[in-house]
Participant: 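I'd like to ask some things about the structure below.
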Amino acid sequence: MANKAAQLMLGNEAVARGAWEAGLHVAASYPGTPSTEVTEFLSKYPEINCQWAANEKVASEVAFGAAMAGGRAITCMKHVGVNVAADPIFTAAYTGVNAGLVIVCADDPAMHSSQNEQDSRYYARAAHIPMLEPADSQECKDFTKLAYELSEELDTPVFLRLTTRIAHQRSAVELCERADVPVREYKKDAMKYVMMPAMARKRHPVVENRENVLSQKANTMDVNRVEMRDASVGIITSGACYQYVREAMPQASTLKLGLVYPLPMDLIAEFAGKVERLIVIEELEGLIETDVKAAGIACEGKNLTGVQGELSVEKLRHVLLGADMPAVSGADLPVRPPVLCPGCPHRGVFYGINRLGLNVMGDIGCYTLAALAPLSAIDACLCMGASIGMAGGAERAQGKDFSRHTVAVLGDSTFIHSGITSLIDAVYNQETITVIILDNRITGMTGHQQNPASGMDIHNQPAPQLNIEKLVESCGVKDIAIVDPFDLKATEKAIKDAVAREEVSVIIARRPCALLDKTPKTPYVIDGCKGCGACMKLSCPAIERHGKLVVINPALCNGCGMCEQVCPFKAIKCGKEA
């Protein structure tokens with residue numbers, strides 16, 4: 001029962017609250033927007049054993065191990081993180097669980113912070129794992145609790161799918177007490193949990209049968225509900241799209257799906273028979289529409305909305321009612337592309353790379369912004385940890401001369417996530433690539449989460465700190481250099497020396513993220529600017545051009561001093577020296 005008045009909560013916060021109320025024991029995740037805050041909120045509950053893992057695969061394995069051993073578990077990731085975790089997740093569908101296991105995956109329509117618009121509902125289908133999709137914060141909490149019930153009732157992991165809008169919207173949530181859920185007994189059962197071929201063949205029919213059972217159960221589940229209004233139009237929808245539909249067409253009848261896999265086909269057929277025109281409104285791919293049509297039920301969907309980007313109330317009014325799209329406010333304003341922060345240590349590395357005219361295999365992180373002018377120092381960005389493998393592949397195609405003009409760049413957290421094995425591969429295959437690890441001692445892009453190299457755990461308590469240079473050495477790398485990226489000449493020289501060597505070279509550019517250093521800094525000033533624009537090539541937002549001359553905005557300057565090093569006329573000085 002509710003024990004407190006309703007509170008406004010982020011969708012992510014409500015998921016964490018629901019897991020806590022469900023008696024969650026163990027949480028393991030890797031940060032990834034828009035899922036990160038779920039685990040951050042989980043870490044605030046002392047009853048939950050919570051951790052950041054090295055990557056999503058490890059997090060899923062930790063969560064599975066906890067569930068198999070009898071503790072309710074959760075792992076949270078963004079949609080591309082499911083790619084990394086797919087190996088254990090697919091097989092966990094075969095083994096089943098002991099205690100409940102929930103996998104939170106957060107999709108990112110419109111790619112607000114992602115490299116693709118992947119639709120995680122296809123993972124539910126491919127892995128034969130149920131998937132729930134909430135439409136507000138109350139459902140985020142309630143569906144999380146339901147996910148544990150289904151997981152234990154059906155002996156399966158359960159997906160909880162969020163999207164950016166649901167993860168980051170706020171709405172009212174009624175709070176309840178935490179359930180007293182004891183850790184279940186651990187029982188050895190090799191036939192169930194050891195997925196050798198002979199055992200897996202016996203488990204596969206179990207998976208198929210479980211899905212058939214749930215398919216029938218879905219037709220009567222409360223989370224799938226018909227709301228009859230005007231029968232001229234009926235809309236099948238779920239998640240954030242349900243909210244858009246209700247606002248755009250308040251008189252339309254709706255079939256709101258809370259369980260988006262497997263679908264309640266009998267309920268869908270019954271609903272279709274009650275309305276004159278049937279429309280499926282879903283973001284990204286037309287998964288529901290395809291299944292409805294495959295069942296012989298006529299409907300519309302992607303022919304109206306398309307498969308790209310987010311939907312909205314305005315877009316639905318446009319495609320369903322013929323309303324004009326509203327004018328975009330501020331459309332005539334100049335563009336304001338994102339840039340590296342003032343004082344970002346990555347800037348020094350990319351400035352040197354740019355000056356040397358190198359090819360750059362980039363990676364996932366805030367440093368990917370170096371692809372933009374004027375740094376223009378990232379040629380490719382594929383996925384977490386891919387930079388080293390891409391550099392090796394480029395050498396295989398172009399030869400060693402190409403490698404002498406190529407570097408692979410990735411952050412410390414990304415290196416730990418999935419770059420280590422690529423480095424081992426490069427050494428083993430005797431490549432001549434240069435790898436630059438941007439060690440800012442934090443997972444910066446997703447909001448400063450700790451990682452094994454930071455020396456702190458998820459609760460900001462001291463933890464064993466990974467020694468990156470020793471790890472690199474143990475991978476077989478002999479040429480290792482550590483530089484301060486604020487020292488532009490030393491950084492550039494280290495890069496130039498490394499690319500000239502006939503072996504794998506690693507440069508560790510080490511300086512904490514500028515946003516973590518709270519020490520007061522004295523801004524730099526310009527006196528006697530000649531207007532040459534050399535400092536503008538740093539792409540520092542604190543450096544502003546006013547007419548032909550340049551000034552430093554003291555409100556933005558972080559006092560890193562890189563601009564002083566590049567000014568050919570010595571016109572830039574620290575404010576205390578001016």
Side-chain angles (χ1 to χ4, degrees), residues 33 113 329-330 332-355 365-378 409 411-412 436 438-449 454 460 483-492 509-578:
T33 307
S113 57
S329 176
D332 56 342
L333 294 176
V335 295
R336 188 172 148 186
V339 294
L340 296 172
C341 299
C344 175
H346 304 333
R347 181 173 283 107
V349 172
F350 289 110
Y351 179 79
I353 288 172
N354 185 299
R355 279 174 53 85
C366 45
Y367 45 85
T368 315
L369 293 170
L372 305 177
L375 289 173
S376 303
I378 293 281
V409 183
D412 52 323
I436 304 176
L438 305 174
D439 182 13
N440 64 355
R441 297 301 172 98
I442 204 71
T443 307
M445 178 176 61
T446 50
H448 297 126
Q449 290 78 31
S454 71
N460 291 319
V483 299
D484 179 354
F486 279 4
D487 187 337
L488 298 182
K489 287 186 178 179
T491 299
E492 184 176 331
R510 177 166 292 153
R511 182 172 277 268
C513 174
L515 297 179
L516 295 180
D517 187 355
K518 304 301 182 182
T519 306
K521 304 291 194 308
T522 303
Y524 277 67
V525 296
I526 301 179
D527 184 17
C529 177
K530 305 298 182 183
C532 69
C535 57
M536 296 294 293
K537 295 179 181 178
L538 285 169
S539 188
C540 177
I543 302 174
E544 304 172 354
R545 185 178 287 279
H546 288 195
K548 294 182 179 181
L549 302 182
V550 172
V551 299
I552 295 177
N553 186 333
L556 295 178
C557 179
N558 199 272
C560 68
M562 281 187 270
C563 55
E564 181 182 27
Q565 299 174 57
V566 304
C567 180
F569 300 103
K570 307 300 180 185
I572 302 179
K573 295 183 176 63
C574 183
K576 63 185 178 184
E577 300 171 0

Participant: Whether D439 and R441 form a salt bridge (side-chain N of Lys/Arg under 4.0 Å from carboxylate O of Asp/Glu) is what I want to check.
Facilitator: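 Counted as a salt bridge, because a side-chain N and a carboxylate O are separated by less than 4.0 Å.
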Participant: Which heavy atom of V525 sits nearest a heavy atom of I552, and at what distance?
Facilitator: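 Smallest heavy-atom distance, with atoms named: N-CD1, 4.1 Å.
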Participant: Any donor and acceptor pair, going by atom type alone, linking the side chain of Y367 with main-chain N or O of L438 inside 3.5 Å?
Facilitator: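 Such a contact is absent between Y367 side chain and L438 backbone.
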Participant: Any idea which heavy atoms bring A514 and P342 closest together, and the distance?
Facilitator: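 Closest approach of A514 to P342, heavy atoms only: CB-O, 3.7 Å.
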Participant: Begin from the C-alpha positions of T491 and Y351 and carry the test side chain to side chain contact (heavy atoms under 4.5 Å, CB included) through to its verdict.
Facilitator: CA-CA 9 Å; T491 299; Y351 179 79; over 6 Å; no
Participant: Write down the atom of L340, the atom of P541, and the distance for their closest heavy-atom approach.
Facilitator: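 So the two residues come closest at O-CD, 3.4 Å.
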Participant: Can you check whether L488's main-chain N or O pairs, donor with acceptor, with Q565's side chain at less than 3.5 Å?
Facilitator: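 Yes, Q565 side chain to L488 backbone: donor-acceptor pair under 3.5 Å.
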Participant: Within the structure provided, determine whether M445 and T368 are in side-chain contact (heavy-atom separation under 4.5 Å).
Facilitator: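 M445 vs T368: side chains apart.
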Participant: If we check salt bridge (Lys or Arg N to Asp or Glu O under 4.0 Å) with D484, which of these qualifies: R511, K489, R510?
Facilitator: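 Looking at R511, K489, R510, the match for D484 under the salt bridge (Lys or Arg N to Asp or Glu O under 4.0 Å) is R511.
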Participant: Which value, rounded to the nearest 0.5 Å, describes the distance between I543 atom CD1 and N553 atom CG?
Facilitator: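 The CG atom of N553 is 11.0 Å from CD1 of I543, to the nearest 0.5 Å.
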Participant: State the OH-SG distance between Y524 and C574, to the nearest 0.5 angstrom.
Facilitator: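 Spacing of OH (Y524) from SG (C574) equals 4.5 Å.
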Participant: Throw together a table of side-chain donor-acceptor distances under 3.5 angstrom for residues 530-538, partners on residues two or more places apart or in other chains.
Facilitator:
none

Participant: Report the distance from atom OG1 of T522 to atom CG of N558, rounding to the nearest 0.5 Å.
Facilitator: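 Rounded to the nearest 0.5 Å, the OG1-CG separation comes out at 11.0 Å.
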Participant: Distance from L369 atom CG to C344 atom SG, nearest 0.5 Å?
Facilitator: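 Separation between the atoms: 8.5 Å.
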Participant: With the side chain counted from C-beta on, respond yes when N440 and H346 share a heavy-atom pair under 4.5 Å apart, and no when they do not.
Facilitator: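 In contact.
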Participant: For I353 and I436, what are the C-alpha separation, side-chain angles and deciding distance, and is it a side chain to side chain contact (heavy atoms under 4.5 Å, CB included)?
Facilitator: CA-CA 10 Å; I353 288 172; I436 304 176; 4.0 Å; yes
Participant: Taking all heavy atoms of C341 and all of L515, pick out the closest pair and write down the distance.
Facilitator: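 Looks like SG-CD1, 4.2 Å.
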Participant: What are the two closest heavy atoms between S539 and L375, and how far apart are they?
Facilitator: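 Scanning both residues completely, I find the closest heavy atoms to be CB-CG, 3.9 Å.
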Participant: Starting from the C-alpha separation in whole Å, work towards a yes-or-no answer on side chain to side chain contact (heavy atoms under 4.5 Å, CB included) for H448 and T443.
Facilitator: CA-CA 5 Å; H448 297 126; T443 307; over 6 Å; no
Participant: Main chain of K570, side chain of K573: is a donor-acceptor contact present, judged purely on distance under 3.5 Å?
Facilitator: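 A pair under 3.5 Å: yes.
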Participant: Rounded to the nearest 0.5 Å, what separation is found between the CD1 atom of I572 and the CE atom of M562?
Facilitator: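 Reported value, rounded in 0.5 Å steps: 12.0 Å.
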Participant: Got a second to check how far C560's SG is from K521's NZ, nearest 0.5 Å?
Facilitator: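 Between atom SG of C560 and atom NZ of K521 there are 10.0 Å.
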Participant: For A509 versus V349, what's the shortest heavy-atom pair and its separation?
Facilitator: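 Scanning both residues completely, I find the closest heavy atoms to be CB-CG2, 3.6 Å.
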Participant: Can you sort out the partners of E492 under side-chain contact (heavy atoms from CB on, under 4.5 Å), two or more places apart, ordered by chain and number?
Facilitator: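 In terms of side-chain contact (heavy atoms from CB on, under 4.5 Å), with neighbours along the sequence ignored, E492 is linked to R355, L356.
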Participant: Under a 3.5 Å distance rule, please check whether R545 uses its side chain to pair with a backbone N or O of K548 as donor and acceptor.
Facilitator: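 Looks like yes, one N/O pair under 3.5 Å.
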